Amino acid sequence: MPPKNSRMADACRAMKRFGISEGQTKAAVKELLKVYANSWEFIIDENYRLLLDFVLEQKPEEEKGVRSKKKEAPSYDKTEVVELPTKRYCTRQQKKQALSPLEHSTSCLEKSPLKRARQSNEDNLISDSEESEDSQPLVRRSRRRHQEREVLDSGNNFDPLCNRNTQLEESLNLIGEDSSSDFDEDGLKLLEVESVNTDNKDNVFDLPHFVAASSTPKGDLEMSMICHSSPQSDFCPPHFDEALEMVEETHIKSCRVEECFVETGTDSIFDESTAQDVLASKYDHPSFQNELILSKNLIKVIPHIPKHIAFGCYDGLQCLIGFARKDIENIFGETAKRLKVIQGRRSSKLCKVEAAYNYHSSLGVIKSFFYIDDITRGEERVKVSLENGRNAEDLPIFFYIPNNLVYKNAYVKFSLARISHGGCCSHCFGDCLTSPIPCLCAAETGGQFAYTPGGFVTEKFLEECISLKREPKQDHYLYCRNCPLQRSKNKKSSVPCKGHLLQNFIKECWSKCWCNKKCGNRIVQQSITVKLQVFLTPEGKGWGLRTLEDLPAGAFVCEYVGEILTNTELHERNVGSPGNKNTCYQVLLDAGWGSKGVLKDEEVLCLDATVYGNVARFINHRCSDATLVEIPVEVETPDHHYYHIALFTTRKVDAMEELTWDYGIDFNDSDHDSGHPMKPFRCLCGSPFCRDRSDMKGDVRLLTYVRRRRRVQLQA
Ligand SMILES: C[S@@+](CC[C@H](N)C(=O)[O-])C[C@H]1O[C@@H](n2cnc3c(N)ncnc32)[C@H](O)[C@@H]1O
């Protein structure tokens with residue numbers, strides 16, 4: 001019997017042919033050995049068929065793993081990278097010049113990328129009618145095709161990956177495959193291209209095909225296509241029209257193609273002149289020639305690319321993969337300095353198709369596009385963008401409101417008469433935080449301000465709030481004598497209150513105070529100042545919210561805003577909605593419950609952000625170690641039955657990191673009786689402290705799989 005190591009090495013070699021990494025193979029073999037009592041027989045059988053099937057079945061889960069791993073990437077200058085001008089446009093003037101592709105490319109390259117991008121924006125202002133039909137037949141055609149489709153498809157959801165062919169699926173799988181060695185020290189993923197680029201004639205990946213599609217926050221769509229292009233092979237660059245069609249049909253169904261470029265690169269094994277010869281001869285291929293004549297102004301050939309180039313996109317970041325920095329600077333000039341560059345590990349041949357489209361930012365056409373400039377429709381001081389990455393998903397439909405609004409019966413009466421002089425600072429001037437003696441408003445926080453002069457929650461106060469939430473003790477709960485939650489559920493019998501977490505309140509200065517509007521003790525009422533983005537979470541949690549800038553600990557991010565309902569109204573709303581499916585945007589304002597006598601129904605309040613809400617409705621849950629913590633903030637009224645739920649960072653948060661908070665859900669509450677209005681869901685927070693213990697998926701899935709395999713084998 002061959003030694004164990006050599007069997008593993010053989011298995012890895014066999015799997016490598018299919019683009020499966022060593023890490024994946026080893027993990028799969030380990031699992032299978034467990035099931036087959038350490039026998040290799042089934043694994044080796046039929047040329048590792050079982051192993052291959054098993055790895056391929058595992059893939060979707062592993063892809064999730066890849067993404068969450070990437071999330072933990074250490075910080076680097078992400079903001080700069082996001083701003084990368086990804087389109088390298090040629091000017092309209094250049095398009096009109098009847099240059100050969102190579103001449104044309106030189107003239108394009110002479111301009112700095114920044115200049116080119118600027119020029120292209122100016123070009124975009126030129127109306128369609130100015131465009132000569134002859135100069136851009138393909139673009140024009142695709143526009144018409146799009147317009148026709150727009151009429152047919154209006155209202156259809158964007159589904160970039162539907163209609164894809166098998167080849168595309170295979171190649172996307174390859175790119176998505178995981179291996180811990182695929183990440184450099186910055187946690188960015190290198191595209192695995194060697195496996196699709198072998199000289200093996202039987203290789204299924206011999207034809208050019210798309211490997212990745214990504215959208216950028218600027219609204220560009222990028223497609224990469226790897227081609228087998230060695231001088232010996234009968235490589236032919238993709239038919240331009242075909243490529244364009246594929247881009248449109250498979251990826252940007254509902255977007256308008258404005259401009260489209262094909263860029264080709266060659267391998268470092270060529271010197272510059274050989275590369276030019278090879279490319280020139282390739283473009284002379286009869287099947288391409290006609291298109292070349294028609295679309296030559298759109299084709300740009302970069303004569304010498306020493307290593308493969310590919311654009312990947314992770315959470316809106318662009319990364320340029322495979323170039324040595326020196327080479328990038330030669331080709332892209334100044335722009336290169338703004339890129340995060342990963343040294344290439346292997347050489348490859350790559351053909352890249354770029355398509356740019358315009359998007360609309362008004363809510364009216366939200367459904368057709370997948371990048372929205374500002375979901376708040378100008379309601380906030382800052383824009384909040386939405387990016388629908390590459391997955392197909394309905395865009396959220398709700399009314400954006402920057403402040404809570406009463407639905408009907410909630411008693412939320414703000415009146416100056418209700419605020420006593422003792423409850424506000426009537427002797428202050430300017431910024432209360434600069435005064436040596438904390439003002440009366442700080443009485444709520446033990447005579448110390450909860451905010452620092454820099455505008456963050458103080459370390460001590462933040463710590464207290466976090467530990468109260470993470471490790472609540474029995475005496476941190478208040479119990480109502482006649483709990484409104486139990487009352488609304490079961491009117492007859494009086495079920496004891498399950499308890500409400502006692503929370504530390506902040507009291508902000510307000511209109512009856514003498515301080516300045518910009519006083520440092522008015523943070524939450526200044527509303528959102530942080531740059532935020534709604535995005536589709538890769539783990540399958542739906543939409544999520546992330547910050548586009550680095551945030552220190554204790555920074556105010558946003559308030560949880562929604563309709564203010566009484567508990568009875570909430571109960572009626574939920575009973576009336578099929579399957580209680582709207583509960584996922586509901587929270588209780590119960591921080592003051594149990595501290596006073598029995599609350600009247602109109603004083604028992606909650607927020608529902610299902611239909612009316614702000615950006616906080618997109619914040620997902622994370623058990624225990626969330627990036628945000630909620631703190632009740634008293635602004636307009638001293639009554640603790642109405643307050644603001646303000647969300648502050650629990651620690652330093654990097655740009656592009658997801659913002660999460662612990663909803664306080666009891667995932668093991670099968671009767672859904674804990675009092676939290678939100679129904680428990682299968683938690684995908686990924687926290688090591690995750691409270692959802694229902695997930696024994698790994699073992700169960702493996703067993704099911706093995707049983708199925710055995711059945712198939714027996715039947716055979
Ligand atoms: C307030 S919403 C958050 C935004 C939501 N993801 C969306 O797409 O609109 C709460 C819902 O998001 C989903 N969700 C939030 N956190 C989650 C988690 N850790 N795991 C799985 N789903 C989660 C659940 O469906 C939950 O009911």
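Only a predicted model underlies this, so the values are computations on that prediction, with no experimental measurement involved. As the structure lists them, so they are numbered: ligands from 1, and atoms in each ligand from 1.
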Inset, instruction - Tell me, with the steps shown, if F461 and Y451 meet ring pair (Phe, Tyr, Trp, His ring centres under 6.0 Å). - result: CA-CA 9 Å; F461 192 78; Y451 300 127; 8.4 Å; no

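- Here the two rings, on F398 and F618, have centers that are under 6.0 Å apart.
- Ligand 1 does not have D692 within reach: every non-hydrogen atom of the residue lies 4.0 Å or more from it.
- At a 3.5 angstrom cut-off on N or O pairs, N620 counts as close to ligand 1.
- For OH of Y479, the number of neighbouring non-hydrogen atoms (other residues, nucleotides, ligands) closer than 6.0 Å is greater than 12.
- The side chain to side chain contact (heavy atoms under 4.5 Å, CB included) test applied to S467 returns E471, not counting sequence neighbours.
- Under 4.0 Å from ligand 1, not a single heavy atom of T660 appears.
- Of the heavy atoms in R682, only backbone atoms (N, CA, C, O) come closer than 4.0 Å to ligand 1.
- With a 4.0 Å cut-off on non-hydrogen atoms, R617 touches ligand 1 through its backbone and not its side chain.
- The six-membered or imidazole ring of H500 lies away from that of Y477, with a centre-to-centre distance of 6.0 Å or more.
- Less than 4.0 angstrom separates some heavy atom of C685 from each of these atoms of ligand 1: 19 (N).
- Taking the six-membered ring where tryptophan is involved, the planes of Y560 and W661 are tilted, since the angle between them lies from 30° to 60°.
- Remark: ligand 1 and C584 share no N or O pair separated by less than 3.5 Å (distance only, no angle test).
- Of all atoms in ligand 1, numbered sequentially from 1 with element shown, those under 4.0 Å from a heavy atom of C683 are 19 (N), 20 (N).
- Remark: aromatic rings of F648 and F456 are distant, center separation not under 6.0 Å.
- Using cut-offs of 30° and 60° for the angle between ring planes, the H644 and Y642 rings count as perpendicular.
- Remark: ligand 1 and H621 share an N or O pair separated by less than 3.5 Å (distance only, no angle test).
- The residue from F398, W543, Y585 that puts a heavy atom closest to atom 9 (O) of ligand 1 is Y585.
- Taking every non-hydrogen atom of Y663 and a distance limit under 4.0 Å, the qualifying atoms of ligand 1 come out as 1 (C), 2 (S), 3 (C), 10 (C), 15 (C).
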